[in-house]
K.L.:
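First the structure, then my questions, so here it is.
Each ligand, and each atom within it, is numbered from 1 in the order the structure gives. Predicted model only: the values in this text are computed from it and were never measured. Only this structure's heavy atoms are used, side chains among them; waters, hydrogens and symmetry mates stay out.
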Amino acid sequence: MSDAPRSAELFARAQRVIPGGVNSPVRAFRAVGGTPRFMVSGQGPYLTDADGHTYVDLVASWGPMIHGHAHPQIVAAVQQAATSGLSFGTPTIGEIELAEELIGKLATAAQAHGTTSPLEEVRLVNSGTEATMSAVRLAKGVTGRRKIVKFAGCYHGHVDALLASAGSGVITFATPDTPGVTSAQAAETIVVPYNDLAAVEAAFAADGPDIAAVITEAAAGNMGAIAPKPGFNAGLREITERHGALLIMDEVMTGFRVSAAGWYGLDPVAADLFTFGKVMSGGLPAAAFGGRREIMASLSPAGPVYQAGTLSGNPVAVAAGLASLRLATPEVYVTLDATARRIGALATQALAEAGVAHRVQYAGNLFSVFFTDQDVTDFAGAQAAETFRYGPFFHAMLNAGVYLPPSAFEAWFVGAAHDDRALEIIAAALPAAARAAAAAARPGAA
Ligand SMILES: Cc1ncc(COP(=O)(O)O)c(C=O)c1O
Ligand SMILES: N[C@H](C=O)CCC(=O)O
């Protein structure tokens, strides 16, 4: 399966008209080598590429495909919506229903935890990047302050102020100080280590009156999967509240994936603002940010903080999101969690048998493999792992029909459609991949 002539041909053609041949850097295979596979279809847990190879998909469009690809009810909802018109640039009923669905899911979780929901209003946007960008602007507008605290290795989309020490493609391609972000923008971002409340306290001790917000991934998934230490998110809540700053919980990856109410359903920390993305729209371009009414009331046209979007609340994306969220029964989450654990256990078994030091880490049902004998709790730990083993591991899996993220710094994702057959393919692929990881040569070694 290493032979992918049609993908190679398409990649050469793409590189003539698209920078690097891809429309998002993480899709390129630069960190693992080789030719990115051009996919032509997806069905359930499988992807099929332009050469006709089929793969068990452990990327799931970077999170959203919780029901697998081309779920018939979601496809039908999209077809139905498209038939009624693709975009109106006016309010629609579906937007209210989607907002109510998101708010209702957090309200149900809050009630189960004996508390009230911090999500009273949401504004729909088109991408996770737009959601975090808008949440940051709103936080600055509401507090009248200019600085943001973020965590090294967390990724919040390609927002200028949030690219500092970011995870995902930024770490994969080692571009921490991307040109185009001005020093003035960079100076407004304070970066501290993930899972380190003392560092957050120190940031507030130094800059407290200037800090508008702390933004965190609800659980980190963009430097591999790293769960917050128990009490970390709650600690952020306490510190921000004490200093009059807002807490922005980025649930673009975890929202409606790790539970019906996202990470909030597992650890109900009442952030001031939440951001949601790809999962809430079933894989179509829609996202959202929201929070308490008194904060959201500052948003235009209700308030002075401007935010807008011609295609925001697009009816087709909204229909996909509604269909996907309504299909997400408690059983779906039980299946996602169990499947992630089964695959993680298979990886552990194969890597242990091959003698490869590793940690399989989970953040809810996000998971990933770190080639290290230490638990990884932050960016420094993720960078210290033996990432040179990932490329050979990745290609062995790919050749055996399993599509992993083409970077050691990304989470792996499953869908409820990953059945026993898909897991058998993964189980069959892992021993050779583990041996390839074991045999990988450290760069620079003789
Ligand atoms: C936690 C998190 N926030 C924000 C984003 C940005 O979302 P998008 O790629 O839709 O702009 C991502 C990744 O995509 C993410 O993982
Ligand atoms: N890690 C990113 C999102 O979660 C990967 C998606 C992308 O940037 O294309």
K.L.:
Specify whether Trp412 and Phe393 have parallel, tilted or perpendicular ring planes, treating 30° as the upper limit for parallel and 60° as the lower limit for perpendicular.
P.N.:
parallel

K.L.:
Just checking, any donor-acceptor pair under 3.5 angstrom between side chains of Glu410 and Ser407?
P.N.:
no

K.L.:
Applying side chain to side chain donor-acceptor pair (under 3.5 Å) between His156 and each of Thr216, Thr132, Asp250, report the one that passes.
P.N.:
Asp250

K.L.:
Would you please write out the protein residues whose heavy atoms approach any atom of ligand 2 to under 4.0 angstrom, listed by chain and number?
P.N.:
Ser24, Val26, Trp62, Ser168, Asn222, Met253, Lys278, Glu410

K.L.:
If only side-chain N and O atoms count, and only distance matters, is there a donor-acceptor pair under 3.5 Å linking Asn195 with Asp378?
P.N.:
no

K.L.:
Evaluate side-chain hydrogen bond (donor to acceptor under 3.5 Å, both in side chains) for Arg137 paired with Tyr306, printing each intermediate quantity in order.
P.N.:
CA-CA 9 Å; Arg137 184 184 310 134; Tyr306 199 72; over 6 Å; no

K.L.:
Parallel under 30°, tilted from 30 to 60°, perpendicular over 60°: which one fits the rings of Phe256 and Phe276?
P.N.:
tilted

K.L.:
Mind checking what residues have non-hydrogen atoms under 4.0 angstrom from ligand 1?
P.N.:
Ser127, Gly128, Thr129, Tyr155, His156, Gly157, Glu217, Asn222, Asp250, Val252, Met253, Lys278

K.L.:
Between Gln307 and Arg123, does any side-chain donor sit less than 3.5 Å from a side-chain acceptor?
P.N.:
yes

K.L.:
Any luck finding a side-chain donor-acceptor pair between Tyr46 and Asp57 under 3.5 Å?
P.N.:
no

K.L.:
Would you say the ring centroid of Phe29 lies under 6.0 angstrom from that of Phe394?
P.N.:
yes

